[in-house]
Amino acid sequence: MDFRVLALCWLLGLLPHQARASDPLDELTAQVYQAPTAALAQISTLEQQHRSQRTSDRDTLRTSLLKCQALLQLGENEAAINVAQLEEARAKQLKLDHVRPYFLICQADGHLGNNHTHTALPLLDAAIALAHRYQQPQALVDALRLRGQLDTEADNYASAIEDLRLAIDIYPDIHHQAEDWIWPPQAYVYATMGNLLHATKNFPQAMHYTEQALHSPDAKGKVLQVILLNAAKIALDNQQIDYSDQLEIQAKTLLPEINNPIELAYSYAILASIAFDKGRIDNAQEYITISMNTFTQQNQTAALMRANRLLAQIRFAQQQEHAALSLMQAAIALGEQLQLSGDLEDFYRILSEYYAEKGDFKAAHALLLKRFEAAKHSYEERSHARILQFKARLNQQDTQQPQDMVRAPAATSPLIWHWSYGLYMLLTLALLAMALWYFIDKQHHPKVDPESPAPTPSPLQQLEAQLSGAKQGGYPLALLLLNTSQLRHIDLAILQQELLVKLREQDTLIRYSIDEILILLPHTSNKGAQQVAEQLNAALQPWQGTHGVNFGIAALQQFDTLASLIKRASINQLGKIKGADHKQHHGSPAK
């Protein structure tokens, strides 16, 4: 009998877990990325149920958040921005501030889709700050991914790689939140890193991360189709022609699963670009014509402008110069209308190269001047966006105040009278407590000499102070982590002295644990830290023996704590050790 009661209690205890596992909102979280059209239909049904039934604020907000992301995936940027603005204000009104970063990210993503970078950047920074404050790794990963993608497009590779490395590092933490909201597919995070490395011409590493994206468990439906197209392009640049053809065929087989015409048009445009790069001009013309028809019907002006450019390049390859020049002029007109300086720079480059090949150097020179002006405006726009971003960060730091410091004014004089009595009693109790504490403390602690020096902060407190100073001062800071488990403990004191000789006065070296040494490098970037590590390796040579010693390196981000900085340095160190082991046993191919 006792056993049956125990078993019944155990089964009843499992019910909440089963209910959570079958939560339709959890299932929709993956579906909004993999099949957004079907997901949006289910979300509309849920919204109707919420209107007829009493639903919690949390479920209502999460449904709106899923709707916002589904609209983004379908290219409905304006509708997504409107939903995000309305629901972010509602979350603020309900004092659910931990939900706000998700809607800020949705707004930023919508503005990025509309090429409004200067609006998106401050929103992403605000989302990252809120996600860090309220411990929301699901929001933090998505914001870091988007900011890394944006910095990649702006050629700001150093910042992009730090954001994406951190996003990859903390992705496993997204399922440890108290409440689930929404998170991007892991495949998209890996693919964004692959695109960054592709932009820096590091094709083998770009292919490595793209392969990880393809093998991610959430690479299904639209997610898989997007990554297959990405992978086909990267494999082509990596000289893997046959593999690129295989990936392209797989991407084509998934086209029937895409029900939205705008999504389908973008897929055909990418296929056209790949076919053009492979020299398959007829296929490229067929694909881009399908895309342009949809872009025209759906009023996708920016997409139509870029499609005109690709079709013009196809016409140039077909020796149809008059048609090509007409298409380029149409693309330039749209670029000027939308004020897209980056695209205009590329258009002028294509035309200047064409006229230079024809020997019309006067026309080529005039277009080069226009290209220079477009590049200048593009740079100024990016600089202006960065300035707005830094101003937004400063404003967030200056305006952060505890909400409990704000007090509502009293309504009536009797209320003030009652509060005065309460305040008087509180003050009296506080004074009595302070007097009692003073006499007890005086008995247990001897009198301290006022001329004695203040206690010296511990090494870890010194590191925390330096991190705080770097954040407030806005200067770079890097950390080196050295694992000394392969070294003899009798040699560590001498080794520390050798390392200190090679460091600057402002650098800090401490023994963090039995087998770890930390070195903090103020005013040092990630690249500078790598150079310092190379210099210190010379001092380590006499003690290394047959075992190599690697430094883990991490550069400070605005939301870092000492623990997260050490964690990223440890992950960096493990990556080097694995790379060294792989090289020792399998030669030296790229990961």
Side-chain angles (χ1 to χ4, degrees), residues 20 23 25-26 28-29 32 56-69 72 80-81 83-110 120-148 162-184 186 189 389 392-406 464 467-468 471-472 556-568:
R20 178 175 178 141
D23 188 347
L25 297 181
D26 287 341
L28 276 173
T29 299
V32 291
S56 66
D57 292 331
R58 176 190 176 276
D59 285 349
T60 304
L61 283 172
R62 192 177 182 193
T63 304
S64 299
L65 182 58
L66 293 169
K67 179 181 181 180
C68 190
Q69 188 58 240
L72 287 175
I81 291 170
V83 170
Q85 288 176 337
L86 181 65
E87 296 303 315
E88 193 265 335
R90 186 162 172 266
K92 190 174 183 179
Q93 183 181 13
L94 293 170
K95 300 187 186 305
L96 298 174
D97 287 338
H98 63 286
V99 190
R100 290 175 54 207
Y102 298 94
F103 290 110
L104 291 174
I105 292 167
C106 191
Q107 287 183 57
D109 205 349
L121 267 173
L123 288 170
L124 283 177
D125 283 342
I128 288 171
L130 285 172
H132 184 259
R133 186 190 310 170
Y134 294 108
Q135 299 295 307
Q136 298 291 313
Q138 293 175 357
L140 189 57
V141 165
D142 204 12
L144 289 170
R145 177 186 68 88
L146 281 174
R147 196 167 71 176
E162 285 296 327
D163 280 348
L164 293 176
R165 278 176 177 170
L166 186 59
I168 290 172
D169 290 345
I170 66 177
Y171 195 91
D173 297 334
I174 64 173
H175 298 299
H176 298 155
Q177 284 189 190
E179 293 179 327
D180 285 332
W181 292 98
I182 193 171
W183 56 91
Q186 190 175 32
V189 181
Q389 184 184 23
R393 290 180 181 179
L394 291 173
N395 288 336
Q396 287 171 13
Q397 293 174 3
D398 293 339
T399 57
Q400 282 177 0
Q401 296 179 357
Q403 294 183 0
D404 56 356
M405 293 182 67
V406 181
E464 292 282 6
L467 256 66
S468 177
K471 290 180 182 179
Q472 293 177 5
L556 179 67
Q557 296 287 327
Q558 187 62 30
F559 44 80
D560 262 331
T561 62
L562 181 58
S564 66
L565 196 63
I566 294 173
K567 179 181 177 182
R568 289 198 291 115

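Taken from NZ in Lys67 to CG in Leu28, the straight-line distance is 13.5 Å, to the nearest 0.5 Å. Atom CZ of Arg90 is separated from atom CD of Glu88 by 12.5 Å, given to the nearest 0.5 angstrom. For the atom pair Trp183 CH2 and Asp173 CG, the distance stands at 14.0 Å (nearest 0.5 Å). Here the CG atom belonging to Leu94 is positioned 4.5 Å from the CG atom belonging to Asp57, to the nearest 0.5 angstrom. The CD atom of Glu87 lies 9.5 Å from the OG1 atom of Thr63; values are rounded to the nearest 0.5 Å. Rounding to the nearest 0.5 angstrom, the gap separating the CG atom in Asp142 from the CG atom in Leu104 is 12.0 Å.
Arg165 has its side chain out of reach of Ile168: every pair of non-hydrogen atoms, C-beta onward, lies at least 4.5 Å apart. With contacts defined as side-chain heavy-atom distances shorter than 4.5 Å, the pair Arg133/Asp97 does not qualify. At least one side-chain heavy atom of Arg147 sits under 4.5 Å from a side-chain heavy atom of Asp125. Side-chain contact between Leu144 and Ile170 is present, with at least one heavy-atom pair separated by less than 4.5 Å. Residues His98 and Glu179 form a side-chain contact, since some pair of their non-hydrogen atoms from C-beta on lies under 4.5 Å apart.
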Inset, instruction - Give the C-alpha distance, both sets of side-chain angles, the deciding distance and a yes or no for side chain to side chain contact (heavy atoms under 4.5 Å, CB included) between Phe103 and Leu65. - result: CA-CA 7 Å; Phe103 290 110; Leu65 182 58; 4.0 Å; yes
Legend entry - Evaluation steps, side chain to side chain contact (heavy atoms under 4.5 Å, CB included), between Asp163 and Gln557: CA-CA 9 Å; Asp163 280 348; Gln557 296 287 327; 3.7 Å; yes
Inset, instruction - Dump the intermediate steps for side chain to side chain contact (heavy atoms under 4.5 Å, CB included) on Leu166 and Arg568, then the final yes or no. - result: CA-CA 8 Å; Leu166 186 59; Arg568 289 198 291 115; 3.2 Å; yes
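Using modelled atom types, one finds no donor on one side chain facing an acceptor on the other under 3.5 Å when comparing Tyr102 with Gln69.
Arg62 and Asp59 are not joined by a salt bridge, as no carboxylate oxygen comes within less than 4.0 angstrom of a charged side-chain nitrogen.
For the pair Leu467 and Thr561, the tightest heavy-atom approach, listed with the atom from each and the gap, is CD2-C, 3.7 Å. Nearest heavy atom pair, residue Ile105 against residue Ala139, reads CD1-O, 3.2 Å. Residues Ala167 and Val141 approach most closely at O-CG2, 3.9 Å, considering heavy atoms. The two atoms that bring Thr29 and Val32 nearest to each other are O-CG2, 3.1 Å, heavy atoms only. The shortest heavy-atom contact between Cys106 and Ala84 is CB-CB, 4.0 Å. Contact between Leu123 and Gln107 at its shortest, heavy atoms only, is CD1-CB, 3.9 Å.
Without hydrogens or angle criteria, Gln138 side chain to Trp181 main chain gives a donor-acceptor distance under 3.5 Å.
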